[in-house]
S.K.: 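The structure's right below; bear with me while I get my questions together.
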Amino acid sequence: MGAVQLLLAILSLSGSATPLPASAGMFLFGLTYTYVGLDALLALGSKGLGWFCGLVAGLGVLLAGAWLAGDPLLAVLWLAWALLWGCLFASLALGRKRLDPFIGWALVLASPATAAIPAFLGLTGAWPGGPETAWAAAVVLAAMFAAARLLARREASAPHRAASLPPEPAAGQANVS
């Protein structure tokens with residue numbers, strides 16, 4: 001997936017219609033996917049991936065600024081992605097593992113709103129414009145991140161599920177239920 005996205009970013013640079021920030025965004029996602037794949041295949045330990053996510057989070061903020069005047073909705077999406085990459089930086093590079101439940105819920109909740117739905121809108125030529133759409137998206141995304149925080153807190157305060165399982169049978173005994 002990452003290699004394909006990197007190839008598409010390179011091809012988009014050869015055409016004059018694609019703005020440089022769009023190609024830069026494709027490169028950031030493509031490099032991230034490639035790094036995640038290599039990290040998993042080569043068992044690199046994820047700390048380097050975390051530092052890379054920190055770099056991408058900073059670049060995401062810059063890309064949000066670059067898109068603000070021309071496409072405020074895309075600027076909002078870049079800020080959301082920068083937040084997610086920043087959280088991955090904190091978890092993977094800095095060891096802030098307490099963020100992991102929030103990161104998981106935030107990815108589950110925000111991914112459709114920041115990737116799948118915008119991709120569909122872009123592919124169908126129905127990309128909305130204007131600051132009103134960007135503000136609405138910002139409110140929806142803020143609500144999703146707040147919901148992710150609440151779900152992560154609920155998960156952290158819930159009793160551990162293993163405590164509700166029956167005890168393991170002693171060696172040589174059968175578990176009869």
S.K.: Check residues 69-78 and write down every donor-acceptor pair under 3.5 Å in which the side-chain atom is one partner and the other belongs to a residue at least two apart or another chain.
M.R.:
| unit_1 | atom_1 | unit_2 | atom_2 | d |
| --- | --- | --- | --- | --- |
| Asp71 | OD1 | Leu73 | N | 3.4 |
| Asp71 | OD1 | Leu74 | N | 3.3 |
| Asp71 | OD1 | Trp127 | NE1 | 3.2 |
| Asp71 | OD2 | Trp127 | NE1 | 2.9 |

S.K.: Any side-chain heavy atom of Trp67 sitting closer than 4.5 Å to one from Leu79?
M.R.: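 No, too far: nothing below the 4.5 Å cut-off.
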S.K.: Among the clusters formed by ILVMFWY side chains lying less than 4.5 Å apart, do Val61 and Phe29 turn up in the same one?
M.R.: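 Cluster IDs for Val61 and Phe29 differ.
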S.K.: In this structure, would Leu150 and Phe102 fall into the same cluster of hydrophobic residues linked by side-chain contacts under 4.5 Å?
M.R.: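 No, Leu150 does not connect to Phe102 through the hydrophobic network.
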S.K.: Do you know which two heavy atoms are closest between Pro128 and Leu121, and how far apart they sit?
M.R.: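 Heavy atoms only, the tightest pair is CD-CD1, 3.9 Å.
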S.K.: Please find the pair of heavy atoms, one from Leu99 and one from Cys87, that lie closest to each other, and give the distance.
M.R.: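 Looking at all heavy atoms of both residues, the closest pair is CD1-O, 4.3 Å.
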S.K.: Which pairs would a plain distance check flag for residues 107-119, meaning a side-chain donor or acceptor within less than 3.5 Å of a matching protein atom at least two apart in sequence or in another chain?
M.R.:
| unit_1 | atom_1 | unit_2 | atom_2 | d |
| --- | --- | --- | --- | --- |
| Ser111 | OG | Leu107 | O | 2.5 |
| Thr114 | OG1 | Trp81 | NE1 | 3.0 |
| Thr114 | OG1 | Ala110 | O | 2.9 |

S.K.: Is there side-chain contact between Val56 and Leu88, with at least one heavy-atom pair below 4.5 Å?
M.R.: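 In short, these two side chains do not touch, never coming nearer than 4.5 Å.
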S.K.: Do you know which two heavy atoms are closest between Gly50 and Ala93, and how far apart they sit?
M.R.: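 Looks like C-CB, 3.6 Å.
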S.K.: With rounding to the nearest 0.5 angstrom, report the OH to CG distance, Tyr35 to Leu44.
M.R.: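 It comes to 6.5 Å.
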S.K.: Taking the side chain as every heavy atom from C-beta outward, state whether Leu94 and Trp51 have any pair of such atoms under 4.5 Å apart.
M.R.: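 Yes, their side chains come closer than 4.5 Å.
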S.K.: To the nearest 0.5 Å, what is the distance between CG (Leu28) and CG (Leu63)?
M.R.: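 CG of Leu63 is found 6.0 Å from CG of Leu28.
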S.K.: With a 4.5 Å cut-off on side-chain heavy-atom distances among I, L, V, M, F, W and Y, is there a chain of contacts connecting Phe27 to Leu62?
M.R.: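 Same hydrophobic cluster.
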S.K.: Please report the interatomic distance CG(Leu92) to CH2(Trp85), rounded to the nearest 0.5 Å.
M.R.: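 Going from the CG atom of Leu92 to the CH2 atom of Trp85 covers 13.5 Å.
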S.K.: Does Leu49 share a hydrophobic cluster with Leu55, counting links as ILVMFWY side-chain heavy atoms below 4.5 Å and allowing steps through other members?
M.R.: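 Result: yes, single cluster for both.
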S.K.: List the atom of Phe89, the atom of Cys53, and the distance in Å for their closest heavy-atom pair.
M.R.: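 Smallest heavy-atom distance, with atoms named: N-CB, 4.0 Å.
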S.K.: Could you check whether atom NZ of Lys97 has more than 12 heavy atoms from other residues, nucleotides or ligands sitting under 6.0 Å from it?
M.R.: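 Atom NZ in Lys97 is crowded, with more than 12 foreign heavy atoms closer than 6.0 Å.
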S.K.: Return the CZ to CG distance between Phe120 and Leu123, rounded to the nearest 0.5 Å.
M.R.: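 Interatomic distance, Phe120 CZ to Leu123 CG, rounded to 0.5 Å: 8.5 Å.
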